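None of these values were measured; they are calculated from a predicted model. All residue numbers in this chain count up from 1 along the given sequence.
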Amino acid sequence: MPDTGPASATRRFGRFFGRGDRVPGFWRLGQEPAPPPGAFVALVPGAEVPLLSVTLPETLKGTARDSVARRQLQDRLGPDAARMTLRPARLDGNEGWSHLLSAERALVARWRAQVQAARGRCRAILPDYLALPTAPGLWTIRTEATGDAVMVQARLGPGDGFSAEGPLAALLLGQALERARTQSNVPVAVLRLGPPDPALDTAIEGVPVFSDITALPASLSRPRVLAHGEAALDLGTDPLATAEITQQRLVALRWPLALAALGMVAWGLSIEVQTRRDLAYAAALDTATTEAVRRDFLPSGPLLDIPAQITRELERRRTPDGNTSDQPAPLDLLHASSGHIVTSPARLVSLVMQPGSSLTFELEMDDFSTLEALLEDLRASDLPANATRSGTEPDGRVTATLLITMEGGQ
């Protein structure tokens, strides 16, 4: 009898696959004593892990589709649903899937225990019919003689399949073919592997049957093994348990994340408040500057370039009557002293000019050292400057009245 097992199928079809289609070896749990060397996929009896169909609207996607499908099967299975593990069969990347993989929890636990010793090499635990090569439009059927019975694995395209004894398999194939004809979705070909079975051949009558994969019609895509998302149905993992663990970790991080978020919000609010204060101070400073310029230099006209306009106005006011006496003109002293004040950290609040007598500057600054430095700077330039008043404001600012007496003034 020819070798028709999964490992044999891998060997026979290996030359047909491309370099990127290499698949691990297969190990039938309970039928083979030890797994193959290297990576492998553990196969369990497909009759124990059926794909159960559900009726869902095409528009239902994601977790909502998963929830509705589970409720449908739980209603159909009744109390037995509590003993089952259900897995959406998103085969071939189809988000409009219509089957769920089902298996008893006790069996799944036993299978996991059987591969525990070699878990590092086990890539997945799958029902045996998912190890068959398949492609869109191709049905693959494999028969195996086990004692007095014939076991059949069938893959009805990438999205469906089953395992059953010969008579039941023939009935299921006949029903599947009838549905396919009703839906105008008859397979292009059937790939038959293993010994012949008259009941199966009768069930698929009318569809071209091939026993050699290389003889399949050219219109079919290349049949591939484990290339249609089968790994997502791995019974060796529990997606729900993984999701619960992830949720528990997120819950544990809830308070630290909330505190971090509150800290970020508080920091953002403080930056916003400080920015508004700075903008308000800048606006007040602009207003004060404009008022001083209007009061002392340019009572009318547009203010386009205040420094340049003040410079021109000072030049215009310099010795307006042509007096060239040795006594310095008030605007000359203002010009000489203003350069020192502008370049110092002190901020000018107001200026009072007494023609022929003195210049009085009202200043504010951060500390008294700034005032002392400014006085020394003015005196070093032969400007007789004195602080007639100085004091500290409630907010910490230092204010001072600076007097520059003209030569010969009182």
Side-chain angles (χ1 to χ4, degrees), residues 270-271 273-410:
S270 67
I271 294 296
V273 170
Q274 185 61 43
T275 301
R276 290 186 179 183
R277 288 178 178 174
D278 292 343
L279 292 175
Y281 179 76
L285 187 60
D286 288 343
T287 301
T289 302
T290 302
E291 291 176 352
V293 171
R294 288 297 187 195
R295 182 183 67 245
D296 300 324
F297 296 100
L298 301 170
S300 63
L303 298 178
L304 303 177
D305 187 347
I306 290 178
Q309 288 176 284
I310 291 178
T311 300
R312 288 195 297 269
E313 179 65 16
L314 290 174
E315 292 293 334
R316 187 186 67 80
R317 294 183 183 182
R318 190 183 304 274
T319 60
D321 56 356
N323 184 4
T324 57
S325 66
D326 292 337
Q327 181 176 342
L331 291 180
D332 291 332
L333 283 179
L334 177 62
H335 181 73
S337 59
S338 62
H340 296 278
I341 294 175
V342 169
T343 57
S344 75
R347 296 178 289 278
L348 178 62
V349 177
S350 66
L351 166 66
V352 177
M353 183 170 60
Q354 297 291 337
S357 176
S358 63
L359 298 176
T360 302
F361 296 90
E362 292 292 337
L363 304 174
E364 66 177 25
M365 58 209 74
D366 294 332
D367 48 45
F368 286 101
S369 62
T370 301
L371 176 60
E372 295 297 329
L374 177 58
L375 288 171
E376 292 178 4
D377 189 28
L378 290 169
R379 290 165 183 168
S381 299
D382 297 326
L383 294 171
N386 293 289
T388 62
R389 183 194 63 82
S390 63
T392 304
E393 297 296 323
D395 60 1
R397 293 180 294 112
V398 174
T399 59
T401 301
L402 193 66
L403 177 67
I404 299 178
T405 305
M406 301 178 189
E407 184 179 354
Q410 299 300 325

Quiz prompt | Residue pair E364 / Y281: nearest heavy atoms and the distance that separates them | solution =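 For E364 and Y281, the tightest heavy-atom pair comes out as OE2-OH, 4.2 Å.
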Going by atom type alone, with no hydrogens or angles, which donor-acceptor pairs under 3.5 Å involve a side-chain atom of residues 369-377 and a protein atom two or more places apart or on another chain?
residue : atom : partner : partner atom : Å
S369    : OG   : D367    : OD1          : 2.7
T370    : OG1  : D367    : OD1          : 2.8
D377    : OD2  : H340    : ND1          : 2.9

Quiz item: Under 3.5 Å, is there a donor-acceptor pair between the side chain of Q309 and the main chain of D305?
Solution: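 Yes; at least one donor-acceptor contact below 3.5 Å.
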Quiz item: Do R294 side-chain atoms and S300 backbone N/O form a donor-acceptor pair below 3.5 Å?
Solution: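 Present.
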Quiz item: Is there a side-chain contact between T399 and R389 (heavy atoms, below 4.5 Å)?
Solution: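 Yes. Closest side-chain heavy atoms under 4.5 Å.
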Quiz prompt | Residue pair D366 / R347, side-chain heavy-atom distance below 4.5 Å | solution =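 Sidechains of R347 and D366: in contact.
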I need the [X] [atom1] to [Y] [atom2] distance, nearest 0.5 Å.
X    : Y    : atom1 : atom2 : result
N386 : T405 : CG    : OG1   : 6.5 Å
L359 : I341 : CG    : CD1   : 8.5 Å
L285 : D278 : CG    : CG    : 12.0 Å
S344 : L363 : OG    : CG    : 7.0 Å
D286 : I306 : CG    : CD1   : 8.0 Å
T388 : F361 : OG1   : CZ    : 12.0 Å

Quiz prompt | T275: side-chain contact (heavy atoms from CB on, under 4.5 Å) partners, not counting sequence neighbours | solution =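 Counting only residues at least two positions away or on another chain, T275 forms a side-chain contact (heavy atoms from CB on, under 4.5 Å) with I271, L279.
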